Amino acid sequence: QVQLVESGGGLVQAGDSLRLSCAASGRTFSTYTMGWFRQAPGMERDFVAAISRSGGEIRYADSVKGRFTIFRDNSKNTVYLQMNSLKPEDTAVYFCAASQLVLLTTTPGGYAYWGQGTQVTVSS
């Protein structure tokens, strides 16, 4: 089992940047595929990005390609989401999640463990 705690959210203006962090407990962080999802009010939880155990495979949602970067530091049990050129439509609660699946998955059902979420608000 792994526990996840996100941080780094906040209120920014369009065009600004934010870096989200997700710290994981336990010694087995490197055995989990990690993902970031987001959920706006009244909307479903949407895939943002995922990274394989070693960091060698990465996938992004089309809406964030070229603007967001996911990376991980297994020595620090942490996964990050660097968000640049933020837009008002990026406003949402951002969740990190851990999956025991080897293959990257973009669906929430593929992730067994979730953080509590961190709010990102982008003003126009």
Side-chain angles (χ1 to χ4, degrees):
Q1 190 171 352
V2 61
Q3 293 182 326
L4 306 172
V5 179
E6 303 97 333
S7 61
L11 172 62
V12 297
Q13 294 185 332
D16 285 351
S17 297
L18 276 176
R19 177 177 291 186
L20 304 183
S21 299
C22 173
S25 65
R27 302 179 182 178
T28 59
F29 176 72
S30 62
T31 68
Y32 291 95
T33 294
M34 299 300 296
W36 285 96
F37 290 77
R38 65 187 182 186
Q39 188 167 20
M43 306 294 286
E44 294 184 349
R45 191 167 296 188
D46 290 332
F47 169 75
V48 175
I51 187 167
S52 63
R53 298 171 178 181
S54 67
E57 185 178 359
I58 289 173
R59 192 173 298 174
Y60 296 101
D62 288 343
S63 59
V64 306
K65 279 181 183 177
R67 299 188 299 122
F68 290 12
T69 302
I70 186 172
F71 58 102
R72 66 191 296 165
D73 186 339
N74 286 344
S75 68
K76 296 182 178 179
N77 283 8
T78 302
V79 62
Y80 304 91
L81 185 68
Q82 176 67 41
M83 306 186 295
N84 298 331
S85 302
L86 282 161
K87 304 176 181 179
E89 51 263 43
D90 294 319
T91 295
V93 177
Y94 283 71
F95 299 88
C96 75
S99 171
Q100 293 175 296
L101 300 176
V102 175
L103 297 178
L104 291 189
T105 178
T106 63
T107 58
Y111 293 80
Y113 305 102
W114 292 84
Q116 82 288 349
T118 185
Q119 176 71 47
V120 172
T121 302
V122 184
S123 64
S124 58

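Here the structure is a predicted model, which means the values were calculated and not measured. Note that these values count all heavy atoms, side chains included, but never hydrogens, waters or copies made by symmetry.
Y111 is listed as a side-chain neighbour of T33, based on a closest heavy-atom distance under 4.5 Å. Taking the side chain as every heavy atom from C-beta outward, L104 and S52 approach each other to under 4.5 Å. Residues E6 and Q116 form a side-chain contact, since some pair of their non-hydrogen atoms from C-beta on lies under 4.5 Å apart. Side-chain contact between V122 and Q13: absent, with no pair of heavy atoms (C-beta onward) separated by less than 4.5 Å. Contact check for S63 versus R38: side-chain heavy atoms found under the 4.5 Å cut-off.
For the atom pair L18 CG and T118 OG1, the distance stands at 8.5 Å (nearest 0.5 Å). Remark: S99 OG to I51 CD1 distance equals 13.5 Å, nearest 0.5 Å.
Across all their heavy atoms, P108 and R45 have their closest contact at CG-O, 3.9 Å. When all heavy atoms of A40 and A92 are compared, the closest pair comes out as N-CB, 3.9 Å.
One hydrophobic cluster, built from ILVMFWY side chains closer than 4.5 Å, cannot hold both F95 and V48; they sit in different ones. Follow the hydrophobic side-chain contacts under 4.5 Å out from Y32 and you never reach Y80; the two are in separate clusters. Cluster annotation: F37 and V64 are assigned to distinct hydrophobic clusters (Ile/Leu/Val/Met/Phe/Trp/Tyr, side-chain heavy-atom contacts under 4.5 Å, transitive). M83 and F47 are members of different hydrophobic clusters when ILVMFWY side chains are connected at heavy-atom separations under 4.5 Å. Cluster annotation: Y113 and L20 are assigned to the same hydrophobic cluster (Ile/Leu/Val/Met/Phe/Trp/Tyr, side-chain heavy-atom contacts under 4.5 Å, transitive).
A distance-only check finds no donor-acceptor pair linking the side chain of R72 to the backbone of G55 [under 3.5 Å]. Listed for the N74 side chain is a donor-acceptor partner under 3.5 Å among the backbone atoms of R53. Checked by atom type and distance alone, the side chain of Y60 pairs as donor or acceptor with a backbone atom of I70 at under 3.5 Å.
A salt bridge links D62 and K65; the closest N-O separation between the charged side-chain nitrogens and carboxylate oxygens is under 4.0 Å.
Within a 6.0 Å sphere centred on CD of Q3, other residues, nucleotides and ligands contribute 12 heavy atoms or fewer.
Between Y94 and F68, the angle of the ring planes lies from 30° to 60°, which puts this pair in the tilted group.
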